[in-house]
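A short worksheet on the structure shown next.
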Amino acid sequence: MRLLILGILIYICYRSLKSWLGPHSAIRQPDRGGAVEKIDDVMVKDPVCEVYFPKRNGFRFKLGGKDLYFCSKECRDKFVTAQSS
Ligand SMILES: [Zn+2]
């Protein structure tokens with residue numbers, strides 16, 4: 001009888017240990033839903049003509065690790081020209 005209880009105890013310990021150390025399925029993987037940078041439909045300001053427009057319609061320009069958005073290609077070109085001069 002004692003041996004049976006001991007056996008059950010060992011079994012319970014073994015099971016809890018196994019589930020504790022067990023496969024990493026218990027650890028939830030971070031969602032990889034947005035692998036591509038999601039551009040929300042937020043309003044941003046064009047630094048050139050100071051017009052607000054939806055970010056997704058903007059023309060992106062990278063400047064020192066920062067993303068700048070312009071309402072049109074013309075504004076972006078204007079800004080690039082101003083930066084380089
Ligand atoms: Zn503009």
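One-based numbering, in listed order, for ligands and for the atoms of each.
In this structure, OG on S16 lies 11.0 Å from OH on Y11, to the nearest 0.5 angstrom. Between atom NZ of residue K45 and atom CD of residue E50 there is a gap of 4.0 Å, rounded to the nearest 0.5 Å.
Applying the side chain to side chain contact (heavy atoms under 4.5 Å, CB included) test between D46 and each of F70, F59, Y69, Y52 identifies F70 as the sole match.
For Q83, the side-chain contact (heavy atoms from CB on, under 4.5 Å) partners are L63, F79, not counting sequence neighbours.
Grouped by direct or indirect side-chain proximity (heavy atoms under 4.5 Å, Ile/Leu/Val/Met/Phe/Trp/Tyr only), L6 sits with I10.
Applying the salt bridge (Lys or Arg N to Asp or Glu O under 4.0 Å) rule to pairs touching residues 76-85 yields K73-D77, sequence neighbours excluded.
Within the protein, the number of N/O/S atoms found under 2.8 Å from the Zn ion (ligand 1) is 4.
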